[in-house]
Novice: 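My questions will all concern the structure given below.
Numbering of ligands and ligand atoms starts at 1, following listing order. Because the structure is a prediction, the values reported are computed rather than measured.
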Amino acid sequence: MPGFELWSDEERKEVNEVLETGILMRYGFDGPRKGKWKAKEFEEAICKRFGSKYAQLTSSGTSALTTALAALGIGAGDEVIMPSFTFVASFEAVLSVGAVPVLVDIDETLTLNPDAVRKAITPKTKCAMPVHMCGSMADMDALVSICKEHNLILLEDACQSIGASYKGKHVGTIGHAGTFSFDFVKTITCGEGGAVMTNDKDVYIKCDGYSDHGHDHKGPDRGADLHPFLGYNYRISELHAAVGLAQIRRLDQFLKIQKQNHGQLKNILSQVPEISFRKIPDPAGDSCTFLSWFLPTEELTRAVVNEFKTQNILAGNFYWYDNNWHYIRKWDHLKNSSSLSPLNDSQQEALKKLQSQDLSESDTIMSRCISSSISLLWTEDQLREKGEKMMSVIKKLLHVAQVK
Ligand SMILES: Cc1ncc(COP(=O)(O)O)c(C=O)c1O
């Protein structure tokens, strides 16, 4: 994901303004900071760009999720339904507030299968957490309606899909709260950073306090702040926020190039009738960070991945099924509750169940899926060459499979 690909003087200018004042912290020091409030400005820009009433910056996407869960009142023993295909941070955040991650099947949207969500609901379910993976979105109409029907909180992990939308609303702003990540490989980056977005003032005030030791932030003297509840330090620094502020101004430019390159690669791969593409609930809202596509069988997909490797064209093409970060199959540390400090009983019990849970529907999808990341730096010639090389490998192996 491309924020870091198009580095510019705009990021340097914003960072230098912070370095000139020397005030690297987002709170306090009102005099010496000479009117520079980069984190506040970035939060305002997030609200404006994505149509959220409130935004709270944090130190990472992971801490944004943790902050949102806490602010939404999700904790010990509460079950949070999430997809089997996500990033480890989604369940880490749930575990960190004492809650129980319940992982369920995805469908060809590569996000939560609404039927699987319905089946997983128990009296302990408190929240459904769709993860808008790889630049695109979950079926939000279905999920909103399930959450309304069962009185569940809807928390969107939109860390990978900055700039994607669903039926005119930006992902991350549809549920009770949503999160972005601005880590180094996201659509826009701060180096490290995250944000919680919400339209609920009470949730926002809780995020604001929780991410800064519970401070109420009511006056200019931090030492005099009250602590209405417990919190932790998930603050972003002014340096990181300064980078993000420059990047958000460039987001539309990034998205435009991303969409063009995505369209061209898709046109090339569409020439192979055996390739099918990820289902996108609202195609107009795809941020186009990745082009995710399927082959008919796992065997063929593995052969293609191996041949991409041999021909040195695998870089940027992700076979998540074998990947340690993103798919449940390789999360032995989670299934074995390999935690440095003891997990609570309900967490341990739930994680043990994952060892034998049937996620064959997800396996069938993920074992045939390759996601090609879309670069902003490709020239037209490079893109064509890349697509044609990929296509020729796929055609060759399809032919071999047919001859067999
Ligand atoms: C789906 C998802 N959620 C959460 C995160 C966590 O973000 P961060 O790396 O900023 O902690 C990521 C990061 O890759 C992610 O992909």
Novice: Any atoms of ligand 1 less than 4.0 Å from a non-hydrogen atom of Ser60? List them with their elements.
Specialist: 10 (O), 11 (O)
Novice: Suppose I only count heavy atoms of Ser181 and a 4.0 Å limit; which atoms of ligand 1 are within that range?
Specialist: 7 (O), 8 (P), 9 (O), 10 (O)
Novice: Given that the side chain starts at C-beta and the backbone is N, CA, C, O, which of these parts of Thr62 lies under 4.0 Å from ligand 1, counting heavy atoms, or is it both or neither?
Specialist: both
Novice: Atom CG in Asn267, atom CZ in Arg384: separation rounded to 0.5 Å?
Specialist: 12.0 Å
Novice: Against heavy atoms of Ala89, which atoms of ligand 1 measure under 4.0 Å?
Specialist: 4 (C), 5 (C), 6 (C)
Novice: Decide if the gap between the ring center of Tyr319 and the ring center of Tyr327 is smaller than 6.0 angstrom.
Specialist: no
Novice: Is there any ring-ring contact (aromatic ring centres under 6.0 Å, His included) pair reaching into residues 190-209, and which pairs are they, with sequence neighbours excluded?
Specialist: Tyr54-Tyr204
Novice: Check each atom of ligand 1 against the heavy atoms of Gly61 and keep those under 4.0 Å away; list them by number with element.
Specialist: 6 (C), 7 (O), 8 (P), 10 (O), 11 (O)
Novice: How would you list all residue pairs meeting ring-ring contact (aromatic ring centres under 6.0 Å, His included) that involve residues 122-170, not counting sequence neighbours?
Specialist: Phe50-His170
Novice: Looking at Asp183, which atoms of ligand 1 are within less than 4.0 Å of one of its heavy atoms?
Specialist: 8 (P), 9 (O), 10 (O), 13 (C), 14 (O)
Novice: Would Cys159 count as a polar contact of ligand 1, with the cut-off being nitrogen or oxygen pairs under 3.5 Å?
Specialist: no
Novice: Pairs of nitrogen or oxygen atoms closer than 3.5 Å, one from Thr86 and one from ligand 1: do any exist?
Specialist: no
Novice: In terms of side-chain heavy atoms, does Ser63 have a donor or acceptor partner in Thr66 at a distance below 3.5 Å?
Specialist: no
Novice: Any chance you could measure Gln264, atom CD, to Ile374, atom CD1, to the nearest 0.5 Å?
Specialist: 10.0 Å
Novice: Looking only at non-hydrogen atoms, which of Glu192, His326, Lys186, Gln160 approaches atom 13 (C) of ligand 1 most closely?
Specialist: Lys186
Novice: For the ring pair Tyr210 and Tyr232, is the centre-to-centre distance below 6.0 Å?
Specialist: yes
Novice: Find all atoms of ligand 1 within a distance of less than 4.0 Å from any non-hydrogen atom belonging to Val131, and give their numbers and elements.
Specialist: 1 (C)
